[in-house]
Number of protein chains: 2
Amino acid sequence: MALEHAILVSLLEQPGSGYELARRFDRSIGYFWTATHQQIYRVLKRMENDGWVDVREVAQDGRPDKKEYSVAEAGRSALSGWLRDPVEPETIRHDLAVKIRAVAFDDPSALIAEVVRHREIHVARLEHFLEGEKRDFPDPGALGTRQTLQHAVLRGGIAFQRMHIEWLDDVLATLHRLRPDN
Amino acid sequence: MALEHAILVSLLEQPGSGYELARRFDRSIGYFWTATHQQIYRVLKRMENDGWVDVREVAQDGRPDKKEYSVAEAGRSALSGWLRDPVEPETIRHDLAVKIRAVAFDDPSALIAEVVRHREIHVARLEHFLEGEKRDFPDPGALGTRQTLQHAVLRGGIAFQRMHIEWLDDVLATLHRLRPDN
DNA sequence: GATAGCATGTAACGGGTTACATGATTTA
DNA sequence: TAAATCATGTAACCCGTTACATGCTATC
């Protein structure tokens, strides 16, 4: 499990509330990890109980109060220990691949639309990532350590989207070859 | 959720026991989906209760009896309906990416070994996939529908491994640039 | 005699998803 | 006045992981 560690990294980069963390998981952290606010609040509470994070009530005007979390010493060393533990490479669970093999027992036409839809989503994500790259890392030669690492992770997200788009093109060509009448 | 649908596809390709399904999930289905025998037995029981699969007790000599499952009509139409429903593209959850960003607050050297380890695992998986390709699809021009689709899925797995290896090389170069003394 | 393979399960735990719930403020 | 944003949570359900459990047969 890395959600708690992803939260620790994000809070080390910048302390913030559960709500703010949820927004970060929609943006930069979303390049490699997703989490909903429900998950985040649940884990934050556990981390608070375990002494991994400190909380500070912050009054705001024109907005609800918030709880600002920051990393405590125990959290820092928990992260450090985890960094030294091996983690498993990601296992693939790809619904589309199941559907592709299922087409052998069904009509391909419905799947073609679905593959096109997925392709569009990956193209949109790629564009979003490329915009983020242009905005946040315009001069890759002149980055600090933190940004150099963030950029390397973002390049992984970009490569992931590009690979998907190419593979989906391949799948589409294959599906069309199955029915030349289409 | 696609485990039950992956099982349906596998049983359509070839009826079999829970044990046999578990082995298939270690092999060809493992290109795009993983599952343990515990999961499979649990889901098979549910599918049996729902009338998606039929069971037949098969006595064997020199081996324990087994329950051979095959797809029932209700299972076939459930799969057909699912094929027509949109599924979400995979969300990325990448522990290594969390670790990479965490390095900004820790020593990079431990991570380098971990990245090298991951790279080796992906190289081994790539080789395994390429062997499977050579063995099962030696003449891609002369495949039936089912195998053409299986091959397309396998090409996705191959592309996934290649992308990973390239990205991990990129990450390693980045980490080394952070510490030119290493 | 020990290990590996065949075959089927139960139980406990934690994580992820979805739905539900509240309440204030700002903007269209 | 309706919708969007800020902010925090509870509850239920299912899925995936890990550990435990049994017992037979074939091979080394």
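Proteins get letters first, then strands, A, B, ... in listed order; numbering begins at 1 in each.
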Here the distance between atom P of C/dG14 and atom CG of A/Asp50, to the nearest Å, is 11 Å

One should read off an interatomic distance between B/Asp85 CG and B/Ser80 OG, to the nearest 0.5 angstrom, of 10.5 Å

CH2 (A/Trp33) and CG (B/Asp95) are apart, to the nearest 0.5 Å, by 4.5 Å

Winner on side-chain proximity to A/Arg93, out of D/dG16, C/dG9, D/dC15, is D/dG16

B/Glu48 atom CD is separated from C/dT8 atom C1', nearest whole Å, by 13 Å

Taken to the nearest whole Å, CG/A/Asp65 to C1'/D/dT5 is 16 Å

Checking D/dT8, D/dT17, D/dC15 against the side chain of A/Tyr41 (C-beta onward), the nearest is D/dT8

(Q) On the nucleotide C/dG16, are OP1 or OP2 found under 4.0 Å from the side-chain N or O atoms that A/Gln39 carries? (A) yes

Here the distance between atom C1' of D/dC15 and atom CD1 of B/Ile40, to the nearest Å, is 14 Å

Taken to the nearest 0.5 Å, the spacing of B/His164 NE2 from B/His94 NE2 works out to 4.0 Å

Within residues 7-22 of chain A, the residues having a heavy atom closer than 4.0 Å to DNA chain D are A/Ser17, A/Gly18, A/Tyr19

* Asked: Counting just side-chain N and O atoms, does A/Arg46 come under 4.0 Å of either OP1 or OP2 of C/dG15?
  -> yes

Taking every heavy atom of A/Val9 against every heavy atom of B/Val98, the minimum-distance pair comes out as CG2-O, 4.0 Å

A correct 5'-to-3' footprint of nucleotides 19-28 of chain C, with B, S and - meaning base, sugar-phosphate only and no protein heavy atom under 4.0 Å, is BB--B-SS--

Whole-Å distance, B/Glu90 CD to D/dC15 P, equals 15 Å

C/dA7, OP1 or OP2 - any side-chain N/O from B/Arg23 closer than 4.0 Å? no

Open item on the list: Check the orientation of B/Tyr31 and B/Phe129. Use parallel for under 30°, tilted for 30 to 60°, and perpendicular for over 60°.
Closed with: perpendicular

Closest of C/dT10, C/dA12, D/dT8 to the B/Lys45 side chain is C/dT10

Taking D/dG16, C/dT17, D/dG9 as options, the one with an atom nearest any side-chain atom of B/Arg42 is D/dG16

Task: Note: B/Arg117-B/Glu114 ion pair, threshold 4.0 Å (strictly below) - done: yes

When rounded to whole Å, the NE2 to C1' distance for the pair B/His5 and D/dC15 reads 14 Å

Ring centroid separation for A/His122 and A/Trp167, is it under 6.0 angstrom? no

CD1 (A/Ile29) and CG (A/Leu21) are apart, to the nearest 0.5 Å, by 6.5 Å

So NE2 of A/His118 and CG of A/Leu96: to nearest 0.5 Å the spacing works out to 4.0 Å

From CZ of A/Phe25 across to C1' of C/dG16 the rounded distance in Å is 13 Å

For A/Glu13 and A/Gln150, which I'm curious about, is there any donor-acceptor pair between the side chains at under 3.5 Å? yes

In terms of heavy-atom contacts, B/Val71 and B/Leu8 come closest through CG2-O, 3.6 Å

Looking only at the side chains, is there a donor atom on one of B/Thr174 and A/Arg155 sitting less than 3.5 Å from an acceptor on the other? yes

Atom NZ of A/Lys67 and atom P of D/dA7 are separated, to the nearest Å, by 14 Å

Rounded to 10°, the angle between the first-five-pair and last-five-pair axes of the helix from C/dG1-D/dC28 to C/dA28-D/dT1 is 30°

